[in-house]
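All remarks here apply to the structure that follows.
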Amino acid sequence: EDQVTQSPEALRLQEGESSSLNCSYTVSGLRGLFWYRQDPGKGPEFLFTLYSAGEEKEKERLKATLTKKESFLHITAPKPEDSATYLCAVQRRGGNQFYFGTGTSLTVIP
Amino acid sequence: DTGVSQNPRHKITKRGQNVTFRCDPISEHNRLYWYRQTLGQGPEFLTYFQNEAQLEKSRLLSDRFSAERPKGSFSTLEIQRTEQGDSAMYLCASSPRLGGTAGRSEQFFGPGTRLTVL
């Protein structure tokens, strides 16, 4: 069964303190792995898509990496405005569904 | 293009009533998805449209839920005989069809409709 597990559930960082969020997945043939940011009361905002192991993508202070079993979202020198819930999702090859994890709630303290 | 829009943004209803939500996807996006999200959880897939065809429904989707996408443009999600357990955020997302890379496309979400069933 396709499954996505994110850790930690919650993370508090001081401004400027770099860290990583983990997304472990089990899927029978990965079509793509997706990272989203979600602010309270809003819909998820697309960040990255990763398609194959070894792929990396960067955007400002965020960098996403992918292996055959997990993905990491690295946050370098975070700012308070990076505070949000970060969601990971996978799509199986040949399928239409996207399976989401429960997210990591990130709080960056000034 | 202003992105995916959903209406209403909030809906409060009494148990047993029917409700209908609307989603307007990004223009020319032929794929449309409905999700349900409860507090502390990730979005849960409900159904998927490619153009006007409903190609996939979650096995967890009750018969009280129905969705349409006439003419492959906007979509509606109806919940009949609402129950308190239906209280959630209902999210709509759309994605384009990329030439030569079918299915390799990101989803863009709307702001959601928050349903409260009393």
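The shown structure was predicted, so the numbers you read here are calculated from the model rather than taken from an experiment. Below, each value reflects all heavy atoms present in this structure, side chains not excepted, and no hydrogens, waters or symmetry copies.
- Taking a 6.0 Å sphere around NZ of A:Lys79, one finds it holds 12 or fewer heavy atoms contributed by other residues, nucleotides or ligands.
- Sorted by first then second residue, the ring pair (Phe, Tyr, Trp, His ring centres under 6.0 Å) pairs that include residues 57-79 of chain B, not counting sequence neighbours, number zero.
- Of the residues considered (A:Gly94, A:Pro44, A:Gly103, A:Ala89), A:Pro44 shows the highest number of contacts with chain B, using heavy-atom pairs under 4.5 Å.
- A:Phe34 is not connected to A:Leu47 by any chain of hydrophobic side-chain contacts under 4.5 Å among Ile, Leu, Val, Met, Phe, Trp and Tyr, and they are in different clusters.
- For A:Glu45, no part sits under 4.5 Å from any heavy atom of chain B, backbone or side chain.
- Taken together through direct or relayed side-chain contacts under 4.5 Å among Ile, Leu, Val, Met, Phe, Trp and Tyr, B:Trp34 and B:Ile79 form part of one hydrophobic cluster.
- Nearest approach of B:Tyr33 to A:Asn96, heavy atoms of both residues: CE2-O, 3.3 Å.
- No more than 12 heavy atoms of other residues, nucleotides or ligands lie within 6.0 Å of CD1 in B:Ile12, so this atom counts as exposed by the packing criterion.
- By the rule that hydrophobic residues join a cluster once side-chain heavy atoms approach within less than 4.5 Å of another member, A:Leu73 and A:Val108 end up as members of one cluster.
- The contact list for residues 59-72 of chain A toward chain B, using heavy atoms and a distance under 4.5 Å, is empty.
- Using a 4.5 Å heavy-atom cutoff, the side chains of B:Gln107 and A:Phe98 are in contact.
- Within the 4.5 angstrom heavy-atom criterion, no atom of B:Glu44 approaches chain A.
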Name every donor-acceptor pair, under 3.5 Å, that has one atom in a side chain of residues 110-118 of chain B and the other anywhere in the protein, sequence neighbours excluded.
residue, atom, partner, partner atom, Å
B:Thr113, OG1, B:Pro8, O, 2.5

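- Follow the hydrophobic side-chain contacts under 4.5 Å out from A:Phe100 and you never reach A:Leu106; the two are in separate clusters.
- The two residues A:Leu87 and B:Gly42 come nearest to each other via the heavy atoms CD2-CA, 4.1 Å.
- When each of B:Gln37, B:Gln41, B:Met89, B:Gln50 is checked for heavy-atom pairs under 4.5 Å with chain A, B:Gln37 comes out on top.
- B:Leu91 and A:Gly43 get closest at one heavy-atom pair: CD2-CA, 3.9 Å.
- Residue contact with chain B, scored on non-hydrogen atoms closer than 4.5 Å, involves the side chain of A:Tyr36 exclusively.
- One hydrophobic cluster holds both B:Phe49 and B:Tyr90 under the rule that ILVMFWY side chains link at heavy-atom gaps under 4.5 Å.
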Determine all donor-acceptor pairs shorter than 3.5 Å in which one atom belongs to a side chain in residues 10-19 of chain A; sequence neighbours excluded.
residue, atom, partner, partner atom, Å
A:Glu17, OE1, A:Gln14, N, 2.9
A:Ser18, OG, A:Ala77, N, 3.0

